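Reminder, nothing fancy here: chain letters follow the sequence lines and each chain counts from 1. Note that the coordinates shown come from a computational prediction; the quantities given were computed from them, not determined experimentally.
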There are 2 protein chains.
Amino acid sequence: MTRPTGDDLVEVLAALANPLRLRIVATLAGGRDYVSHLAREIGISRPLLHMHLQRLEAAGLVVGSLELSEDGKAMKYYEVADFDLRLTASTLAEAARTLTDPEKGPGRKERSR
Amino acid sequence: MTRPTGDDLVEVLAALANPLRLRIVATLAGGRDYVSHLAREIGISRPLLHMHLQRLEAAGLVVGSLELSEDGKAMKYYEVADFDLRLTASTLAEAARTLTDPEKGPGRKERSR
DNA sequence: TTCATGTGTAAGAACTTTCTGACATGTGAA
DNA sequence: TTCACATGTCAGAAAGTTCTTACACATGAA
């Protein structure tokens, strides 16, 4: 996760530009965890956490994996992905060169996810 | 602009998490410019650019200065500020420690700007 | 069966962000 | 005076984000 395209960078920054999601990443940096437990840990509702994790995963900042616990329950574990982004005027300028043009470019929301 | 507080970091990331603002920073990285000209350069309306520049300036990413041109017109020049942010799981975790608590902390929107 | 645990998703309210189209100010030059 | 250029700001529409509440499913244990 270095030198992403302009659009990828926007997605990553948008994902991190939120206190709750920052806290989620920070908490996961201390070790992987499953959704329900993490929700209690942080003190937010499970659906809300679910939404934020989706956004973080879509940006490639966390990775989730569905696993079966010993007592047969389906547990979704999340952990932080490897990333190392550097933000300076130059790195931003370079990323900006690969931003999709609002004209003629692929419509409003990129296909596939 | 290194190791900002959690809230500052969120503000900076939010400011950069937008294609137009990324383009603005990228353009200014190529040299200072005044608002009207920059608006034509990028191809957006002046009020819109004004709004985005406000957001970037509030985040400390660009700096504006009102100057008088030789023919007496008031020109507002903007240039990129010096910043160098590194985003990794650890730097984020550290920044997250200084996030203001939604409980008891200062209400919804920090005073002063 | 009922309870406690885990998963996911959908609808709607509340709020924020983004953008356009006025409007108002000022200058110097024609 | 009128034009071309610069500045700023406001109101409202449109779209996006954030959050709650409620529903659905599954498992193992009491």
Asks: Would you mind reading off the distance between B:Leu68 atom CG and D:dC5 atom C1', rounded to a whole angstrom?
Replies: 14 Å

Asks: Hey, is the side chain of A:Asn18 poking within less than 4.0 Å of OP1 or OP2 on D:dT17, counting only N and O atoms?
Replies: no

Asks: Send over the distance from B:Glu70 CD to C:dG28 C1', rounded to a whole Å.
Replies: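 Computing the B:Glu70:CD to C:dG28:C1' distance gives 13 Å.
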
Asks: The side chain of B:Pro47 lies closest to which of these nucleotides: D:dT20, C:dT18, C:dA22?
Replies: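 That would be C:dA22.
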
Asks: Rounded off to whole Å, could you give me the CE-to-P distance for the A:Met51 and D:dG16 pair?
Replies: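 Rounding to the nearest Å, CE of A:Met51 and P of D:dG16 are 15 Å apart.
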
Asks: What is the distance from CG of B:Leu66 to P of C:dG26, rounded to the nearest Å?
Replies: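 Roughly 15 Å, once rounded to whole Å.
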
Asks: Do B:Asp7 and B:Thr5 pass the side chain to side chain donor-acceptor pair (under 3.5 Å) test, and can you show the C-alpha distance, the side-chain angles, and the key distance before you say yes or no?
Replies: CA-CA 5 Å; B:Asp7 297 297; B:Thr5 74; 4.9 Å; no

Asks: If you count every heavy atom of other residues, nucleotides or ligands that lies below 6.0 Å from B:Arg86 atom CZ, does the total exceed 12?
Replies: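 No, because the 6.0 Å sphere around CZ of B:Arg86 holds 12 heavy atoms or fewer from other groups.
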
Asks: Looking at A:His50, I'd like to know whether one of its side-chain N or O atoms comes within less than 4.0 Å of OP1 or OP2 on C:dT9.
Replies: yes

Asks: Spell out yes or no: do the side chain of B:Arg46 and the base of D:dT7 have one donor N/O and one acceptor N/O closer than 3.5 Å?
Replies: yes

Asks: Over all strands shown, is B:Leu20 touching base, sugar-phosphate only, or nothing at heavy-atom distances under 4.0 angstrom?
Replies: sugar-phosphate

Asks: Is the shortest heavy-atom distance from the side chain of A:Glu79 to the side chain of A:Leu28 under 4.5 Å?
Replies: no

Asks: Would you kindly give the CG-to-C1' distance between B:Leu49 and D:dA6, to the nearest whole Å?
Replies: 14 Å

Asks: Could you check which of D:dT18, C:dT20, D:dA6 has an atom nearest any side-chain atom of B:Ser45?
Replies: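 Looking only at heavy atoms from C-beta outward on B:Ser45, the closest nucleotide is C:dT20.
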
Asks: Starting from P on C:dT18, measure out to CD on B:Gln54 and report it in whole angstrom.
Replies: 13 Å

Asks: Let's see if you can work this out: which of C:dC19, D:dT18, D:dA6 has an atom nearest to the side-chain heavy atoms of B:Arg40?
Replies: D:dA6

Asks: Just by distance, do the side chain of A:Glu67 and the backbone of A:Tyr77 share a donor-acceptor pair under 3.5 Å?
Replies: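 Side chain of A:Glu67 to backbone of A:Tyr77: no pair is present.
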
Asks: Of all the nucleotides listed (C:dT18, D:dT17, D:dG8), which has the minimum atom distance to the side chain of A:Arg55?
Replies: D:dT17

Asks: Under 4.0 Å between any heavy atoms, over every strand shown, what does A:His52 touch: base, sugar-phosphate, or nothing? Just pick one.
Replies: sugar-phosphate

Asks: For C:dG8, does either OP1 or OP2 sit under 4.0 Å from a side-chain N or O belonging to A:Lys76?
Replies: yes

Asks: Looking at B:Arg3, I'd like to know if its CZ atom is crowded, meaning that more than 12 non-hydrogen atoms belonging to other residues, nucleotides or ligands lie closer than 6.0 Å.
Replies: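 It does not: B:Arg3 CZ has 12 such atoms or fewer within range.
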
Asks: Side chain of B:Tyr34 only, please: which of C:dC19, C:dG6, D:dT7 is the nearest?
Replies: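 Output: D:dT7.
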
Asks: Rounded to the nearest angstrom, tell me the gap between atom CG in A:Leu53 and atom C1' in C:dT9.
Replies: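 So the CG-C1' distance, A:Leu53 to C:dT9, works out to 15 Å.
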
Asks: Both A:Gly72 and A:Ile44 contact DNA chain D. Which one's nearest nucleotide lies toward the 5' end?
Replies: A:Ile44

Asks: So which nucleotide from D:dT20, C:dT7, D:dT9 ends up closest to the side chain of A:Leu48?
Replies: D:dT20

Asks: Could you check if a side-chain atom of A:Pro19 sits within less than 4.5 angstrom of a side-chain atom of B:Thr100, using non-hydrogen atoms only?
Replies: no

Asks: In whole angstrom, what separates A:Lys73's NZ from D:dT27's C1'?
Replies: 5 Å

